[in-house]
Amino acid sequence: MSQHPQATDRTGPAPVTLAQLRRARSEGRPITMLTAYDASFARVLDQAGIDCILVGDSLGNVVQGRDSTLPVTVADMAYHVACVRRGVSRALVIADLPFLSYTDVPQAVASTRTLMQAGAAMIKLEGGQAVLDVVAQLSAHGVPVCGHLGLTPQSVHQLSGYRVQGRAPEQRRQLLDEARALAEAGIAMLVLECVPAGLAAEITRSVDVPVIGIGAGAAVNGQVLVLHDLLGLGSGRRPRFVRDFLAGRDSIEAAVTAYIHAVRERSFPAAEESYPDD
């Protein structure tokens, strides 16, 4: 048994919960999410009112300077989750399970335990059919799981690069089937990355969990961006779905606030920041 914490008077907003995210979906209120990897940026996002902070394995690119997410380890993720958690008082903290850290249920349980003990409230994993057993077992043991379909960066070599997914009819059917299967297996949320806007809208209608888009159009339940992209710090060619929210503003806080407002007002992403279905 455990001792229940005593009720205390809160001076700030209550922590974001999964129930609140589900209610936002049902009421049509867009959900806001950004990545963060340390306490300072997490505090900025949290105080601006972001709903969810994703400690993404994208830290391999933007923090470690690597050319992919593949070298990121569970230990790397746990370190950054703990840092972010120290800067957060209300946002829901989500952590990526890194490459090959969830190939079977025992390994996934061990990896998840490490990240949740570091401070994550939800874990995210990539894939469809191959991860259904892992999703079902983690969900059955009380772990909120976020799925990730479309462009899955951990499969970059198998996908032959960073490409839009779901334009071919067979790919479209597969993504729809996998989204439904993940929902049936017990995911609590779904991220769609680099998916044509029409397909993303169809998937959103087909599942009963919040769907968060990154390069997936505006007809989803919320949006996520990598913080460094939002601040115009990305290297190389800017992806179509990225907007520099720092441009014309005088602080990081103002850029984050502008992003939150744009998502909630559904002015981001615009049509030109989304991918057509053909």
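Worth knowing before you read on, the calculation uses all heavy atoms, side chains too, and leaves out hydrogens, waters and symmetry mates.
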Residues which pass side-chain hydrogen bond (donor to acceptor under 3.5 Å, both in side chains) with Ser58, listed by chain and number, not counting sequence neighbours: Tyr37

Applying salt bridge (charged side-chain N to carboxylate O under 4.0 Å, His left out), name anything that partners Glu272, two or more places apart in sequence or on another chain. none

Can you name the side-chain hydrogen bond (donor to acceptor under 3.5 Å, both in side chains) partners of Arg29, sequence neighbours left out? Glu27

Per-pair distances, 0.1 Å, donor-acceptor, side chain in residues 139-146, under 3.5 Å, sequence neighbours excluded:
residue, atom, partner, partner atom, Å
Ser139, OG, Val135, O, 2.8
Ser139, OG, Gly186, O, 3.0
His141, ND1, Gln137, O, 2.8

Carefully, step by step, assess Met33 and Ile94 under the rule side chain to side chain contact (heavy atoms under 4.5 Å, CB included). CA-CA 10 Å; Met33 185 188 301; Ile94 305 168; 3.7 Å; yes

Show me the donor-acceptor pairs, under 3.5 Å and distance only, between side chains in residues 202-213 and residues at least two apart or in other chains.
residue, atom, partner, partner atom, Å
Glu202, OE1, Arg172, NH2, 3.1
Thr204, OG1, Ala200, O, 2.8
Ser206, OG, Arg180, NH2, 3.4
Ser206, OG, Glu202, O, 2.7

Could you tell me how the ring of Phe268 sits relative to the ring of Phe245: parallel (under 30°), tilted (30 to 60°) or perpendicular (over 60°)? perpendicular

Using residues 14-23 as the side-chain source, report each donor-acceptor pair under 3.5 Å to any protein atom, sequence neighbours left out, with the distance given to one decimal.
residue, atom, partner, partner atom, Å
Thr17, OG1, Gln20, N, 3.2
Gln20, OE1, Thr17, N, 3.0

Salt bridge (charged side-chain N to carboxylate O under 4.0 Å, His left out) pairs touching residues 214-225, sequence neighbours excluded, are none

Hits for side-chain hydrogen bond (donor to acceptor under 3.5 Å, both in side chains) against Glu178, two or more places apart or cross-chain, chain-then-number order -> Gln174

Residues at least two apart in sequence or cross-chain that pass salt bridge (charged side-chain N to carboxylate O under 4.0 Å, His left out) with Glu273, listed by chain then number, are Arg243

Residues two or more places apart in sequence or in another chain: which of them pass side-chain hydrogen bond (donor to acceptor under 3.5 Å, both in side chains) with Arg66? Gln64

Listed once per pair and sorted, the salt bridge (charged side-chain N to carboxylate O under 4.0 Å, His left out) pairs that draw on residues 109-119, sequence neighbours left out: none

What pairs meet the salt bridge (charged side-chain N to carboxylate O under 4.0 Å, His left out) rule with one or both residues in residues 114-127, with sequence neighbours excluded? Asp96-Lys124

